[in-house]
Amino acid sequence: MSVNIAVLASGNGTNAQAIIDKAAAGILDADIRLVLSNRPGAGALERARKAGIPSRVLDHAPFADRALYDSELAAILRDCGAHIIVLAGYMRLLTPGFLAAFPNRVVNIHPALLPSFPGTRGGADAMAYGVKISGCTVHFVEEAMDSGPIIIQAAVPVDPEERLDSLMRRIHALEHRIYPQALQWLARGRLTLRDRRTFLAPDKNPRVTQNENCLVWPPLEEGF
Ligand code: GAR
């Protein structure tokens, strides 16, 4: 059982890369039908090209409003056969019309422990606030920015002496593990949503990996 996905990214695309790598390694059962960016020149596009995955730019600049852009976007994603839409550093809010086209089928990653510190500077905002624990979150997407039922979170201790770039490196490294893991649960049909909560069906052969200096919950399974 594998799932058709499309990855939307506005920037460098290290999360897109992690997903590409896990799919290529056969650990993530996903067929990446398209990598799309709203920004020409986004690193994610080059990563897709290198991996031989179809890529496309849909520049938001010429569109009069978000609804028009999103309806074109939804048409492209439907045409490529994507079942799950994976936001990987995609820095645009999605309209209700778009989300209605893919109900409970859009997921996002954010570099903070949601619902705290949403937005484009989640990691920096958390550090500036002085949190003692930060991390990252994968969630189903609702209309409000960085909101929706949580699938998996990874938490790391924050050292007040640490520089932001060092903290963000640790968080990114965990993002690259929890996002493919969440997608694999989706691919396997192991996630259900009830009352805004996600429930993970247990694996028949659980092989949970242990993590040092972080808490990941639900736990990562072998290969992630
Ligand atoms: C990631 O850290 C992701 O969590 C964040 O953008 C970065 C993209 O990095 N997303 C958000 O802040 C969403 N609010 P990448 O392009 O290297 O994958």
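In what follows, residues are counted from 1 in the order of the sequence shown. Atoms within a ligand are numbered from 1 in the order they appear, just like the ligands themselves.
In terms of heavy-atom proximity, T137 sits nearest to L113 at OG1-CA, 3.6 Å.
Residue pairs that meet the salt bridge (Lys or Arg N to Asp or Glu O under 4.0 Å) test with at least one member in residues 69-98, sequence neighbours left out, do not exist here. The ring pair (Phe, Tyr, Trp, His ring centres under 6.0 Å) contacts involving residues 73-124 comprise F98-F102, F117-Y129, where partners must be two or more places apart or lie in separate chains.
Using a cutoff of 4.0 Å between basic side-chain nitrogens and carboxylate oxygens, E221 and R190 are scored as salt-bridged.
For ligand 1, the 4.0 Å heavy-atom shell takes in N12, G13, T14, N15, G89, M91, I109, H110, P111, G119, D146, H172, E175, ordered by chain and residue number.
The line from CD of Q17 to NZ of K50 is 8.5 Å long, rounded to the nearest 0.5 Å.
In the hydrophobic clustering, where aliphatic and aromatic side chains (Ile, Leu, Val, Met, Phe, Trp, Tyr) are joined below 4.5 Å either directly or transitively, V57 groups with L45.
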